[in-house]
Amino acid sequence: AQSVTQLGSHVSVSEGALVLLRCNYSSSVPPYLFWYVQYPNQGLQLLLKYTSAATLVKGINGFEAEFKKSETSFHLTKPSAHMSDAAEYFCAVSKQGGKLIFGQGTELSVKP
Amino acid sequence: EPEVTQTPSHQVTQMGQEVILRCVPISNHLYFYWYRQILGQKVEFLVSFYNNEISEKSEIFDDQFSVERPDGSNFTLKIRSTKLEDSAMYFCASSEGRPVETQYFGPGTRLLVL
């Protein structure tokens, strides 16, 4: 069975600071991993995805994530937070496509 | 840019009533999904649909739920007799193909069952 754990339901950073959102997964097969972002009153938007190619994946809005098989992690980072990054972030896993299994989400707040 | 749309954005219904949530997937997409998110909980997979039939469903998707693609554009989720615990945000998603095509999500329908 596959599962995703996001450490920290809420993360607060200052504008310009590093953003680090943690995601650990469990999968019996090589996983495909995703980060989605949800702005208020909007749907889920794909930030980036890992599909067994390069382990460092670059996404939109300056975000990137690194797949670390030994740590079963896929943490999301951004070097410098912007006020517009405030949103809820979801990590998800799928078994080579198909249904997405989501983590519980991390709400990111950015302080001026 | 093409997007997935959902109607209505909000729906309030009485327990035991039938509701139909509507979605218009992106036009050239072939795979369709419904997910739901109960307030404060994870986004959960309900069902996937391909080639006019259900390809996978979760334990949540019991006999009270059904999906349909009645024409070439709409994809609907019907709940036959709503329960209080069906109150949630329901998301529709679509993707162009498999195995790892991106799933594009609609803005959701917030369902409140009283």
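Per chain, numbering begins at 1; letters A, B, ... match sequence-line order.
Environment of CG in B:D71: crowded, with over 12 heavy atoms of neighbouring residues, nucleotides or ligands closer than 6.0 Å. The neighbour count for B:L114 CG, taken as heavy atoms of other residues, nucleotides or ligands under 6.0 Å away, is above 12. The number of heavy-atom neighbours closer than 6.0 Å to CD of B:E85, taken from other residues, nucleotides and ligands shown, is above 12.
For A:Q42, the part lying under 4.5 angstrom from a heavy atom of chain B is the backbone only.
A centroid separation of less than 6.0 Å is found between the aromatic rings of A:F102 and B:Y35.
B:E44 CD to A:I101 CD1: the interatomic distance, rounded to the nearest 0.5 Å, is 11.5 Å.
Linking Ile, Leu, Val, Met, Phe, Trp and Tyr whenever their side-chain heavy atoms come within less than 4.5 Å leaves A:L56 and A:V19 in two separate clusters. Hydrophobic clustering keeps B:V43 apart from B:L77 (ILVMFWY residues linked when any side-chain heavy atoms are closer than 4.5 Å, directly or through intermediates). Clustering ILVMFWY residues whenever any of their side-chain heavy atoms sit less than 4.5 angstrom apart, transitively, puts B:Y104 in a cluster other than the one holding A:L33.
Summarising the geometry of A:V4 relative to B:K42, their closest heavy-atom pair is O-NZ, 3.7 Å, with the distance given to 0.1 Å.
Put simply, of B:G106, B:A93, B:G108, the one with the most heavy-atom pairs under 4.5 Å next to chain A is B:G106.
Between A:L100 and the options B:F105, B:Y33, B:F45, a side chain to side chain contact (heavy atoms under 4.5 Å, CB included) holds for only B:F105.
Side-chain contact between B:Q37 and A:Q38: present, with at least one pair of heavy atoms (C-beta onward) separated by less than 4.5 Å.
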